[in-house]
2 protein chains.
Amino acid sequence: MTATRSTRQRDVITRIMQAAQGPLAVADVHDRARSDLPGLGIATVYRTLKLLTDQGRIHPVTLDGETLYEASGQGHHHHFSCQDCGRVFTLHTCPVALPSGTVYPGGFIVRAHEVTLYGQCPDCAAQPG
Amino acid sequence: MTATRSTRQRDVITRIMQAAQGPLAVADVHDRARSDLPGLGIATVYRTLKLLTDQGRIHPVTLDGETLYEASGQGHHHHFSCQDCGRVFTLHTCPVALPSGTVYPGGFIVRAHEVTLYGQCPDCAAQPG
DNA sequence: TTAACTGCAAAAGATTTGCATCCCG
DNA sequence: CGGGATGCAAATCTTTTGCAGTTAA
């Protein structure tokens with residue numbers, strides 16, 4: 001069996017993912033990680049995000065064509081994408097009630113669902129103009 | 001002002017988009033169009049899809065990291081992605097009730113929403129095994 | 001006729017991979 | 001020590017762009 005090592009790079013990236021308030025792009029993770037590890041290569045970020053994904057510790061979210069990553073195990077939730085500032089927030093309330101196994105009109109058996117809301121975040125709504 | 005011509009390539013691609021039962025990937029459009037136009041270049045497909053998008057006749061949908069395109073003007077609808085066969089279907093009933101302007105918990109002002117359901121389509125559910 | 005359109009190939013951007021070196025255990 | 005991990009650069013893949021030939025109007 002293949003061993004998996006603990007390294008400074010992995011520790012830093014893992015901590016960043018756990019501390020994030022919403023999903024992050026690969027470039028965001030790279031930028032944040034370089035505060036601690038200036039020489040960190042982008043390839044290591046990709047490899048580590050893939051590793052964490054395979055381990056189920058994080059998972060990808062695709063939004064407007066961009067692939068973002070967020071920590072797993074935060075329970076059922078969805079996202080809000082601000083059309084003004086572009087940031088993505090995690091929503092803790094779910095606007096749909098579709099238990100796994102629900103049969104949708106047309107005979108579609110629902111196992112999971114994803115919802116993304118678009119609009120203006122509180123910060124942008126508070127901005128004048 | 002810049003004129004826009006009608007060409008055999010554009011006609012074929014436009015017809016394909018209008019006839020599609022759900023969103024299509026660029027490669028799908030290219031494959032289908034080559035039945036009529038064997039020499040069609042992929043660049044023309046990209047250019048035509050962008051043109052149609054700018055004209056508002058189609059629009060992109062991102063699913064599992066893939067960019068798909070579908071005809072516009074079909075009214076409010078969502079998608080169902082089959083976890084078995086990978087096809088994407090258009091749903092004509094909406095599982096959420098969020099009128100534009102709704103203020104979501106946390107102060108998020110909702111302008112639009114997108115829902116994707118995942119599970120098994122009727123065809124795959126009917127398969128033995 | 002002639003400016004827009006097309007196909008091809010080169011270019012650009014994002015992600016993956018080969019390899020020599022590094023370092024965790 | 002020894003094999004997994006890393007950084008760099010080369011390789012892939014997807015999408016865009018430059019160009020010379022083609023074609024709609």
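Bear in mind that the values here come from a model prediction, so they are computed numbers and not experimental data. Proteins come first, then strands; the chains are lettered A, B, ... in the order of their sequence lines, and each starts at number 1.
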What's the [atom1]-[atom2] distance between [X] and [N], to the nearest Å?
{"X": "A:H30", "N": "D:dT6", "atom1": "NE2", "atom2": "C1'", "value": "12 Å"}
{"X": "A:D28", "N": "C:dA14", "atom1": "CG", "atom2": "P", "value": "13 Å"}
{"X": "B:L37", "N": "C:dC5", "atom1": "CG", "atom2": "P", "value": "16 Å"}
{"X": "B:R10", "N": "D:dT23", "atom1": "CZ", "atom2": "P", "value": "15 Å"}

Point-to-point distance, once rounded to the nearest 0.5 Å, from [atom1] of [X] to [atom2] of [Y]:
{"X": "B:I58", "Y": "B:T53", "atom1": "CD1", "atom2": "OG1", "value": "3.5 Å"}
{"X": "B:Q9", "Y": "B:D36", "atom1": "CD", "atom2": "CG", "value": "11.0 Å"}
{"X": "A:L91", "Y": "A:T116", "atom1": "CG", "atom2": "OG1", "value": "9.0 Å"}
{"X": "A:H79", "Y": "A:E70", "atom1": "NE2", "atom2": "CD", "value": "3.5 Å"}
{"X": "B:T90", "Y": "B:Q21", "atom1": "OG1", "atom2": "CD", "value": "8.0 Å"}
{"X": "B:T48", "Y": "B:Q55", "atom1": "OG1", "atom2": "CD", "value": "9.5 Å"}

Handout entry: Any residue of residues 46-68 of chain B with a heavy atom less than 4.0 Å from an atom of DNA chain D
Key =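 The stretch gives B:Y46, B:R47 as the residues lying under 4.0 Å from the strand, ordered by number.
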
Practice task
Compute the bend angle of the helix from C:dT1-D:dA25 to C:dG25-D:dC1 from the end axes (five pairs per end), rounded to 10°.
Solution key: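 The angle, to the nearest 10 degrees, is 30°.
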
Problem - Of B:L68, B:L49, B:T67, the residue whose pairing with B:V26 passes side chain to side chain contact (heavy atoms under 4.5 Å, CB included) - result: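 So the option named by the test is B:L49.
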
Problem - Phosphate OP1/OP2 of D:dT23 contacted by B:Q9 side-chain N/O (<4.0 Å) - result: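 False: B:Q9 side-chain N/O out of range (4.0 Å or more) of D:dT23 OP1/OP2.
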
Exercise for the section: Using a heavy-atom cut-off of under 4.0 Å over every strand shown, decide if B:I42 touches base, sugar-phosphate, or nothing. Expected result: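 Answer is nothing: B:I42 stays at 4.0 Å or more from every strand.
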
Practice task
In plain terms, say whether B:D123 and B:R87 are close enough for a salt bridge, that is, a side-chain N and a carboxylate O under 4.0 Å apart.
Solution key: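 Yes, this pair counts.
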
Exercise for the section: Quick one: sort the A:H78 and A:H113 rings into parallel, tilted or perpendicular, breaks at 30° and 60°. Expected result: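 If you compare the ring of A:H78 with that of A:H113, the planes turn out tilted.
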
Exercise for the section: Treat primed atoms plus P, OP1 and OP2 as sugar-phosphate and everything else as base, then score nucleotides 20-25 of chain C 5' to 3': B for base contact with protein heavy atoms under 4.0 Å, S for sugar-phosphate contact only, - for none. Expected result: ---BBS

Practice task
Check whether any side-chain heavy atom of A:L63 sits under 4.5 Å from a side-chain heavy atom of A:P23, and report yes or no.
Solution key: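 A:L63 does not reach A:P23 side chain to side chain.
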
Exercise for the section: Check every atom of C:dA4, D:dG7, C:dA9 against the side chain of B:A43 and return the nucleotide holding the closest atom. Expected result: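 Nearest to the side chain of B:A43 among the choices is C:dA9.
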
Problem - Aromatic centroids of B:F89 and A:F108 separated by under 6.0 Å - result: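 Ring-ring flag for A:F108/B:F89: true, centres closer than 6.0 Å.
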
